[in-house]
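Here is the structure we will look at.
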Protein chains: 2
Amino acid sequence: MNIGEIAKRTGMPAKTIRYYEDIGLIRPHRDANGYRKFDEPGFHKLAFLGRARALGFSIEDCRKLLALYEDETRASADVKKLAQEHLRQIEGKISQLRTMQETLTNLVDTCAGDHRPDCPILRDLASG
Amino acid sequence: MNIGEIAKRTGMPAKTIRYYEDIGLIRPHRDANGYRKFDEPGFHKLAFLGRARALGFSIEDCRKLLALYEDETRASADVKKLAQEHLRQIEGKISQLRTMQETLTNLVDTCAGDHRPDCPILRDLASG
DNA sequence: ATAGGGGTTACAGTAACTGGAAGGTCAAGA
DNA sequence: TCTTGACCTTCCAGTTACTGTAACCCCTAT
């Protein structure tokens, strides 16, 4: 399959797939004409990457996950550790965002939002 | 005040302050020796930016907020609209992260995390 | 022969900094 | 006076994970 076909099947832009090759995440074969040629395992690998990225894993984490996936002698503990660390990051980010959300919601709710200049949002930003 | 003093008072790295000048967010005066010289309004403006950034506003939003702040004829509606849009973004991000968190939590919970290779996390990534 | 719809590379840009190099300035101490 | 150390300056490169664009090649159908 050519890159366009694979892009359609994985739902990722062809550009992203080329990028993944650039950074050494994948290593597709080449046709005589220089076109990238994907087989089922190649597609599978991209789908794996797509799902890992959808779970928010960084590219470097994806690289490690892929390595673990392909290592039959892996310890599931290593995978779990990676996932747990990532989960912690996500939870940290969520709580950060929730703090912002709460503050912003309060501010937005107290702002008249009319033609007058007086604004509690700006007042808050101006004076903490 | 020199940049170091301001950095201490605002809690932001001097580097960031220089960057804010680079992109035209602030315009500090200069001493005869070329050092940036901050007065109280300059400090105030940086503090404003710091708080807006802490609420997750993008630099471009910060630029707009600052302009609104300094425009005595602003309509609070404009500020509110900005804040509401940002709030929507935050809420979208939170719900995205929560989806990831839920999936990951499930996966992590079902993974033995021992020396054996068998791993539900990898299984999930491999087959959706 | 040509038009279109593939594909290829390489380079630049995004957001918001951060790090590092190379060098100027200033106050204090020997 | 000289030097040391802590400041400050500018400029350039790197970060993350792509995305956009240009210039060009390839293949098939008309």
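Residue numbering restarts at 1 for every chain, and letters A, B, ... go by the order of the sequence lines. From a predicted model like this one, the values you see are computed outputs, not experimental measurements.
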Nearest-nucleotide pick for [X], side chain only, options being [options]:
| X | options | value |
| --- | --- | --- |
| Asn33(B) | dC26(C), dT10(D), dA16(C) | dC26(C) |
| Tyr35(B) | dC26(D), dT9(D), dA16(C) | dT9(D) |
| Arg53(A) | dT9(D), dC18(D), dC26(D) | dC18(D) |
| Ile3(A) | dC26(C), dG7(C), dT19(D) | dG7(C) |
| Arg36(A) | dT19(D), dT9(C), dT18(C) | dT9(C) |
| Thr16(A) | dT9(C), dC18(D), dC17(C) | dC18(D) |

Base dG20(C) to side chain Lys15(B), donor-acceptor N/O within 3.5 Å cut-off: yes
Of Glu85(A), Lys93(A), Glu91(A), which meets side-chain hydrogen bond (donor to acceptor under 3.5 Å, both in side chains) against Gln89(A)?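 Checked Glu85(A), Lys93(A), Glu91(A) against Gln89(A); only one passes side-chain hydrogen bond (donor to acceptor under 3.5 Å, both in side chains): Glu85(A).
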Assign each of Arg30(A) and Ser58(B) to its nearest nucleotide of DNA chain C by heavy atoms, then name whichever residue's nucleotide is nearer the 5' end.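 The residue whose closest nucleotide sits nearer the 5' end is Arg30(A).
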Nearest-Å distance for atom pair [atom1]/[atom2], residues [X] and [N]:
| X | N | atom1 | atom2 | result |
| --- | --- | --- | --- | --- |
| Ile59(A) | dT15(D) | CD1 | P | 14 Å |
| Lys93(B) | dA15(C) | NZ | P | 16 Å |
| Lys37(B) | dT25(C) | NZ | C1' | 13 Å |
| His29(A) | dT8(C) | NE2 | P | 15 Å |
| Ile17(B) | dT18(C) | CD1 | P | 11 Å |
| Glu60(B) | dC17(C) | CD | C1' | 14 Å |
| Asp22(A) | dC11(C) | CG | P | 12 Å |
| Tyr19(B) | dT15(D) | OH | C1' | 13 Å |

Taking every heavy atom of Ser127(A) against every heavy atom of Arg123(A), the minimum-distance pair comes out as OG-O, 2.8 Å
Please classify the nucleic acid contact of [X] as base, sugar-phosphate, or nothing, using heavy-atom distances under 4.0 Å.
| X | answer |
| --- | --- |
| Phe57(A) | nothing |
| Arg18(B) | base |
| Ile23(A) | nothing |

Among Leu25(A), Asp22(A), Leu46(A), which one satisfies side-chain contact (heavy atoms from CB on, under 4.5 Å) with Ile17(A)?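 Result for side-chain contact (heavy atoms from CB on, under 4.5 Å) with Ile17(A): Leu46(A).
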